[in-house]
Amino acid sequence: MAATETIDWLRLALTPAIGPVLASRLLTALGSPGAVFRAPRRRLESVAGLGQARLERLLDPAVADAATAEAHRCAEAGVDLVTLADEIYPEPLRTLEYPPLVLWVRGRLRPEDRMAVTIVGPRRPSGYAGLMADRLAPPLAAHGLTLVSGLAYGVDAIVHRAAVEAGGRTLAVVGHGLGVPIYPPANAALADSITDGHGALISIFPLATEPAPGLFAQRNEVLAGLALATLVIEASPESGTLITARHAAAANRIVMACPGDATRRAAQGSNRLLAEGAVLVQTAEDVLATLEPELRRALVDLEAPPTDLPADAQGDLFAEPTPASPAAATLDSLSTGLIELIGREPQPLDALLELGADLGRPAGQVLEKLLAMELAGHIRQLPGRLYALTGG
């Protein structure tokens, strides 16, 4: 996208008193931010709810100058501005009723991040909550799901760290601008490890925005919107974690929760979610089984190789069909290599990631391929994060 188009999106997002509803009306009426700012006043005045005061703010040249300056600062800081019109804009987030017009991103978004689950829980987790986070996050990351959380203390940090250590993907949605020090400071090194090839930091706030309680509440809708489902590890009745779960339900996402001790107030909020119909989760397999239809659709959207082959047709994976593109040939060689290696004996995840590296494939793509093969019934994961052929 041309820089001027990005600045137009940024200008609309930064205009005071133009909230998501009014911005949506303007875009529906005129098609794009550029068209909004080029439209005659009479045309703009016909948009319901704009009014003279808001119209003056919309056309204020000072906002245009501020948007240009923000774009320059982002370029200098290594922060990408991803707008709603960009192809890389996260597809699940795009389906919200009022998606953010602009995302501030440090790191890299990838198409396979649509196969994501948001995992949230307390900043000061109980022993049980920490145990469940440790039990669930690593295998989900190892299965190729992108793990989304808020880079806070406690469960959030456990989730992000599990994805990094598994060689997988993770997205951290922060409640401040990406031009100020990471909050909390103790997670600064973790943030660096995320952006170092394992995912991205995402903000909906300008670079210089300092952390504040109200901002963390605002980012919760993005936390829920980025994923196929939100999993609540543990939540008290007044926990902010429940806000994320409510946003997920409002966006027609799947809500999941771990069962908690009924005698402990710290678990009453998550237990209430279960009473209201949330999916009960005790193992990573519970999550994968619930998400299987969504994961299959996501893999189809990503143009992954067919995942509906019968389990006894594993030999077909060794065939070398004429590929549609060089990329398809590379992906086929990855499938073949994985099947050949696993076929000798069950293999640990590290060995499969090493094979992918030898073929020039990043860890995230290897995990994605393993997930596709598992959903197709060709392979299965054994305890200890070993992979084996189905029936082997």
Side-chain angles (χ1 to χ4, degrees), residues 1-111 113-114 171 173-180 200-210 215 218-219 221-222 225-226:
M1 175 183 295
T4 53
E5 293 179 74
T6 299
I7 291 173
D8 285 339
W9 280 96
L10 188 56
R11 180 181 174 185
L12 184 58
L14 296 180
T15 301
I18 303 294
V21 175
L22 190 48
S24 177
R25 289 177 186 168
L26 287 165
L27 293 172
T28 299
L30 293 153
S32 71
V36 169
F37 295 119
R38 291 191 301 269
R41 291 181 67 97
R42 181 176 298 178
R43 179 70 181 91
L44 293 172
E45 288 169 351
S46 69
V47 176
L50 188 55
Q52 286 301 314
R54 289 191 173 120
L55 178 57
E56 294 304 324
R57 291 191 173 191
L58 180 67
L59 301 179
D60 186 350
V63 180
D65 292 342
T68 300
E70 176 73 6
H72 288 162
R73 286 191 293 268
C74 287
E76 293 172 354
V79 171
D80 294 323
L81 292 168
V82 179
T83 78
L84 190 56
D86 287 322
E87 186 176 349
I88 198 61
Y89 189 96
E91 205 57 39
L93 200 58
R94 198 188 297 276
T95 65
L96 295 180
E97 185 176 11
Y98 301 112
L101 302 183
V102 178
L103 302 175
W104 283 254
V105 177
R106 176 173 281 128
R108 289 290 179 267
L109 300 175
R110 295 179 58 174
D113 290 333
R114 71 181 61 189
L171 304 178
V173 186
V174 299
H176 56 76
L178 295 179
V180 304
L201 307 182
I202 299 174
S203 175
I204 56 173
F205 308 110
L207 280 180
T209 307
E210 297 286 346
L215 303 185
Q218 288 181 47
R219 66 89 189 264
E221 184 175 11
V222 177
L226 278 167

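This is a predicted model, so every value here is computed, not measured.
Between Arg42 and Glu45 there is no salt bridge, since none of the side-chain N atoms of the basic residue sits less than 4.0 Å from a carboxylate O of the acidic one.
In this structure, Trp104 and Leu207 approach most closely via the heavy-atom pair NE1-N, 4.0 Å. The heavy-atom pair separating Ala35 from Leu30 by the smallest distance is CB-O, 3.2 Å. Between Gly107 and Asp80 the shortest heavy-atom distance is O-OD2, 4.0 Å. Across every non-hydrogen atom of Phe37 and Leu12, the tightest pair is CZ-N, 3.8 Å. The minimum heavy-atom distance linking Pro16 with Arg57 is given by the pair CB-NH1, 3.5 Å. Considering every non-hydrogen atom in both Gln218 and Phe205, the closest pair reads OE1-CE2, 3.6 Å.
Atom-to-atom distance recorded for Leu81:CG and Glu5:CD is 13.5 Å, nearest 0.5 angstrom. Here the CG-CG distance, from Leu103 to Asp86, works out to 9.5 Å after rounding to the nearest 0.5 Å. The distance from atom CG of Leu201 to atom NE2 of His176, rounded to the nearest 0.5 Å, is 8.0 Å. Here Leu10 contributes atom CG and Thr15 contributes atom OG1; the two are 9.0 Å apart, rounded to the nearest 0.5 Å. Distance check: Asp8 CG to Arg38 CZ gives 7.0 Å after rounding to the nearest 0.5 Å.
Arg11 places none of its side-chain heavy atoms less than 4.5 Å from the side chain of Glu70. In this structure, Glu56 and Asp60 have side chains that are not in contact, with every pair of non-hydrogen atoms separated by 4.5 Å or more. Side-chain contact between Ser203 and Val105 is absent, with no heavy-atom pair separated by less than 4.5 Å. Inter-residue side-chain proximity for Leu171 and Leu109 is flagged as met; some heavy-atom pair is nearer than 4.5 Å. Contact of the Val222 side chain with the Leu93 side chain is registered, since non-hydrogen atoms from C-beta on lie closer than 4.5 Å. Asp113 has its side chain out of reach of Pro90: every pair of non-hydrogen atoms, C-beta onward, lies at least 4.5 Å apart. When side chains are defined from C-beta on, Leu59 counts as touching Leu44, because their heavy atoms get closer than 4.5 Å.
Looking at Arg94, its side chain does come within 3.5 Å of a backbone N or O of Leu84 through a donor-acceptor pair. A donor-acceptor contact shorter than 3.5 Å is absent between the side chain of Arg73 and the backbone of Pro206.
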Can you give the donor-acceptor pairs under 3.5 Å from side chains of residues 18-28 to other protein atoms, not counting sequence neighbours?
unit_1, atom_1, unit_2, atom_2, d
Arg25, NH1, Ala48, O, 2.9
Thr28, OG1, Ser24, O, 2.8

Start with the C-alpha distance between Val47 and Val36, add both sets of side-chain angles, then the distance that settles side chain to side chain contact (heavy atoms under 4.5 Å, CB included), and finish with yes or no.
CA-CA 11 Å; Val47 176; Val36 169; over 6 Å; no

